[in-house]
Amino acid sequence: MVVHIDDIEKEAGEEVLEEVPISVDPLLILLQKRFEYTSEVEFFADKESIQKEILSEIEEHNMAPYYQFLHESFMWPIDEAKMKKMKEANSAKLAELDEKIKDAEENYGETEVREIIIDKANYCARIGEKEMCLKFNKQALETGKVGLGPKLDLAFQRTRLGFAFNDPALIQQGIDECHELLILEGDWERRNRLKVYEGVYLTTKRQFKKAAEILLESLCAFSSGELIEYKNFILYTSITAIVTLDRPMLKKKVLEASEVLQVFPQLPHLKRFMSSLYDCKYDEFFSSLGEICQTMQQHVYTASHVNYFYREMRLLAFKQFLQSYRSVTLQSMAEAFAIPIDLLDDQLSVFIASGRLSAKVDKVSGSVETAQTDSRSFQYQQFIKEGDLLLNRVQRLARVAEK
């Protein structure tokens, strides 16, 4: 019995995913905007509008440090009057928080003092003052006895700063610290948040297999709206999963997941692409692959992986198609994928020559002949090969021992 994505979607019923709306960290929104400004994708061709959006956000929230950061990054001119006004607003706010800290030290306790120091760290993050935010973040950790929850929240803040300012070392440091803290005690909600942080970071590093495992684990308990929007979380989860999961597991963990099905209407290109591959609609595959690659190009975390994804998906589709044949004509395969024979021939030749596709193209008969190997026979041959290597090493050691 063949099960199609549309059938799975109907079986999901009318379940509604209740979400607590959490806004994405403003610095991460600006990270995306910075990416859009530098991107060569036609979708982001209006650089002037993007620049205006960024500058409007900076002026509205008096982000003087971030204004300076953009000047150094893009050589944007600085409006000295605006800069002066923003710096004065920053100084006034920090002075106000300092007064509150002084009052808390005199009249309250360490807990109240720490909360205001965290407010200072949050304010510095809001205006894009990375180093000052890290300073107050550390100071908060050193003020009184800090519980597990606040420690984790402060580590998450440092991790977001790492994302916002393209600092991989800071991201990794924050993730590692969260793991260490969660070994000592359990915190289900923050443990799930960590999975999303780590999964997104692994996605940026193109470690799709590990990213898919972690993101899928947090699929039913997403609570990291401060890092990414939920629909983008579903997009990244699906992209990493389709590259790394086999067909049965993809159906079980992604295509039948109600969380994914509910977001499909917001991501029509993703639905069409996964449908074309899973339901073997090969005539739609290349056009839908192009659409999902265009979507990936528009995201700061996935844009650099588009070529890799495009290559892996073509290979996956060709392998899936050829599994049903010992031999098939290039003409019929090209018609199935709705692409010219010459283009198909070129793409197959690349994968065959690199040893990634077990097949050969017969130019005389105009056919593709497959060399089918099941996983058991492959594992057996690998076992024999490794056994021979081990025996050779043992024999060499024995000869050395005899001498």
Q: Find out whether Ser223 and Val196 are in side-chain contact, i.e. whether some heavy atom of one side chain is under 4.5 Å from a heavy atom of the other.
A: no
Q: Indicate yes or no for a side-chain donor-acceptor contact from Ser91 to the backbone of Lys87 under 3.5 Å, with no hydrogens or angles considered.
A: yes
Q: Regarding Arg114 and Glu110, does a basic nitrogen lie under 4.0 Å from an acidic carboxylate oxygen?
A: no
Q: Less than 4.5 Å apart, any side-chain heavy atom of Met63 and any of Pro26?
A: no
Q: Are any of the side-chain heavy atoms of Phe309 and Met313 separated by less than 4.5 Å?
A: yes
Q: Check Glu80 with Lys84, please: is the shortest side-chain N to carboxylate O separation under 4.0 Å?
A: no
Q: Quick check: Phe136 with Tyr123 (ring centres under 6.0 Å apart)?
A: no
Q: Rounded to the nearest 0.5 Å, what separation is found between the CG atom of Leu152 and the CZ atom of Arg193?
A: 8.5 Å
Q: Determine the minimum heavy-atom distance between Leu219 and Lys253, stating which atoms define it.
A: CD2-O, 3.8 Å
Q: Check the pair Met333, Leu348 against side chain to side chain contact (heavy atoms under 4.5 Å, CB included), reporting the backbone distance first and the verdict last.
A: CA-CA 11 Å; Met333 187 172 178; Leu348 288 175; 4.0 Å; yes
Q: For Ala164 and Leu28, work out which heavy atoms get closest and say how close.
A: N-CD2, 3.7 Å
Q: Can you tell me if Phe43 has over 12 outside heavy atoms packed within less than 6.0 Å of its CZ?
A: no
Q: Against the six-membered ring of Tyr278, is Arg247 placed for a cation-pi contact (under 6.0 Å from the centre, within 45° of the normal)?
A: yes
Q: Please report the interatomic distance OG(Ser288) to CD1(Ile292), rounded to the nearest 0.5 Å.
A: 8.5 Å
Q: Examine Tyr66 together with Phe69 and report whether their ring centres are nearer than 6.0 Å.
A: yes
Q: Would you call Val200 and Phe163 a side-chain contact if the rule is heavy atoms closer than 4.5 Å?
A: yes
Q: Does His71 reach the main-chain N or O of Trp76 with its side chain, forming a donor-acceptor pair under 3.5 Å?
A: yes
Q: Give a yes or no answer on whether the side chain of Gln331 reaches the backbone of Gly366 with a donor-acceptor pair at less than 3.5 Å.
A: no
Q: Minimum heavy-atom separation for Asn137 to Arg158, with atom names?
A: OD1-NH1, 2.6 Å
Q: Is there a donor-acceptor pair under 3.5 Å between the side chain of Thr295 and the backbone N or O of Glu291?
A: yes
Q: Assess the side chains of Arg191 and Ser218: does a donor N or O sit below 3.5 Å from an acceptor N or O?
A: no
Q: Would you confirm whether the ring centroid of Phe321 sits within less than 6.0 angstrom of the ring centroid of Tyr325?
A: yes
Q: Which class fits the ring pair Phe285 and Phe273: parallel under 30°, tilted 30 to 60°, perpendicular over 60°?
A: tilted
Q: Only pairs under 3.5 Å count here: list side-chain donor-acceptor contacts from residues 142-151, not counting sequence neighbours, and write none if there are none.
A:
unit_1, atom_1, unit_2, atom_2, d
Thr143, OG1, Gln139, O, 2.7

Q: Can you tell me how the ring of Phe318 sits relative to the ring of Phe337, calling it parallel under 30°, perpendicular over 60° and tilted otherwise?
A: perpendicular
Q: Ignoring hydrogens and angles, tell me if any N or O in the side chain of Ser367 forms a donor-acceptor pair with the backbone of Thr329 under 3.5 Å.
A: no
Q: How far apart are the closest heavy atoms of Gln320 and Cys280, and which atoms are they?
A: NE2-SG, 3.7 Å
Q: Nearest 0.5 angstrom please: Leu134 CG to Glu129 CD, how far?
A: 9.5 Å
Q: Look at atom CG of Asp246 and say whether more than 12 heavy atoms of other residues, nucleotides or ligands are closer to it than 6.0 Å.
A: yes
Q: For Glu112, look at atom CD and say whether over 12 heavy atoms of other residues, nucleotides or ligands are found less than 6.0 Å away.
A: yes
Q: More than 12 foreign heavy atoms under 6.0 Å from NZ of Lys47: is that the case here?
A: yes
Q: Is there a side-chain contact between Phe165 and Leu31 in this structure, where contact means two heavy atoms from C-beta onward sitting under 4.5 Å apart?
A: no
Q: Output yes when Arg356 and Glu312 qualify as a salt bridge under the 4.0 Å nitrogen-oxygen rule, no when they do not.
A: yes
Q: Do the side chain of Asn90 and the main chain of Ile127 share a donor and acceptor less than 3.5 angstrom apart?
A: no
Q: Please state whether the rings of Tyr236 and Tyr301 are parallel, tilted or perpendicular, taking 30° and 60° as the class boundaries.
A: perpendicular
Q: To the nearest 0.5 Å, what is the distance between CG on Leu316 and CG on Leu357?
A: 11.0 Å
Q: Under 3.5 Å, is there a donor-acceptor pair between the Gln294 and Gln298 side chains?
A: no
Q: Are Arg190 and Asp153 within salt-bridge range, i.e. N to O under 4.0 Å?
A: yes
Q: Do Asp119 and Lys100 pass the salt bridge (charged side-chain N to carboxylate O under 4.0 Å, His left out) test, and can you show the C-alpha distance, the side-chain angles, and the key distance before you say yes or no?
A: CA-CA 10 Å; Asp119 287 342; Lys100 288 184 178 181; over 6 Å; no
Q: With salt bridge (charged side-chain N to carboxylate O under 4.0 Å, His left out) as the criterion, how do Lys33 and Glu36 come out once you've worked through the C-alpha distance, each side chain's angles and the decisive distance to 0.1 Å?
A: CA-CA 5 Å; Lys33 289 297 176 183; Glu36 293 173 6; 3.4 Å; yes
Q: Report the C-alpha separation of Gln173 and Glu177 in whole Å, then their side-chain angles, then the decisive distance to 0.1 Å, and conclude whether the side-chain hydrogen bond (donor to acceptor under 3.5 Å, both in side chains) test is met.
A: CA-CA 6 Å; Gln173 182 184 28; Glu177 185 171 335; 5.6 Å; no
Q: Taking atom types as modelled, is there a side-chain donor on Tyr197 or Glu226 under 3.5 Å from an acceptor on the other?
A: yes
Q: So do Lys319 and Leu315 actually touch side chain to side chain, heavy atoms under 4.5 Å?
A: yes
Q: Stepwise, does the salt bridge (charged side-chain N to carboxylate O under 4.0 Å, His left out) test hold for Glu57 with Arg126?
A: CA-CA 11 Å; Glu57 175 74 7; Arg126 187 63 187 86; 2.6 Å; yes
Q: Return the set of residues passing ring pair (Phe, Tyr, Trp, His ring centres under 6.0 Å) with Phe44 (not counting sequence neighbours), or none when no residue passes.
A: none
Q: I need the Phe208 CZ to Ile242 CD1 distance, nearest 0.5 Å.
A: 12.0 Å
Q: Please determine whether a side-chain nitrogen of the Lys or Arg among Glu369 and Arg326 lies less than 4.0 Å from a carboxylate oxygen of the Asp or Glu.
A: no
Q: Kindly say whether Lys281 contributes a backbone atom to a donor-acceptor pair with the side chain of Asp279 at under 3.5 angstrom?
A: no
Q: Less than 6.0 angstrom separating the ring centers of His299 and Phe35, yes or no?
A: no
Q: Less than 3.5 Å apart, any donor N or O on the side chain of Glu72 or Gln68 sitting next to an acceptor on the other?
A: yes
Q: So, taking the atom named CG in Asp46 and the one named CD in Gln51, what distance separates them when rounded to the nearest 0.5 Å?
A: 10.5 Å
Q: Taking all non-hydrogen atoms of both residues, which atom of Tyr67 and which atom of Met86 are closest, and how far apart?
A: CD2-CE, 3.2 Å
Q: Mind listing the closest non-hydrogen atom pair of Thr244 and Ala212 along with its distance?
A: OG1-CB, 3.6 Å
Q: For the residue pair Gln157 / Asn122, report whether a side-chain donor-acceptor contact shorter than 3.5 Å exists.
A: yes
Q: Please examine the side chains of Leu227 and Asp25, heavy atoms only from C-beta on, and report whether any two atoms are closer than 4.5 Å.
A: no
Q: Of Leu170, Leu202, Leu194, which meets side chain to side chain contact (heavy atoms under 4.5 Å, CB included) against Ile175?
A: Leu194
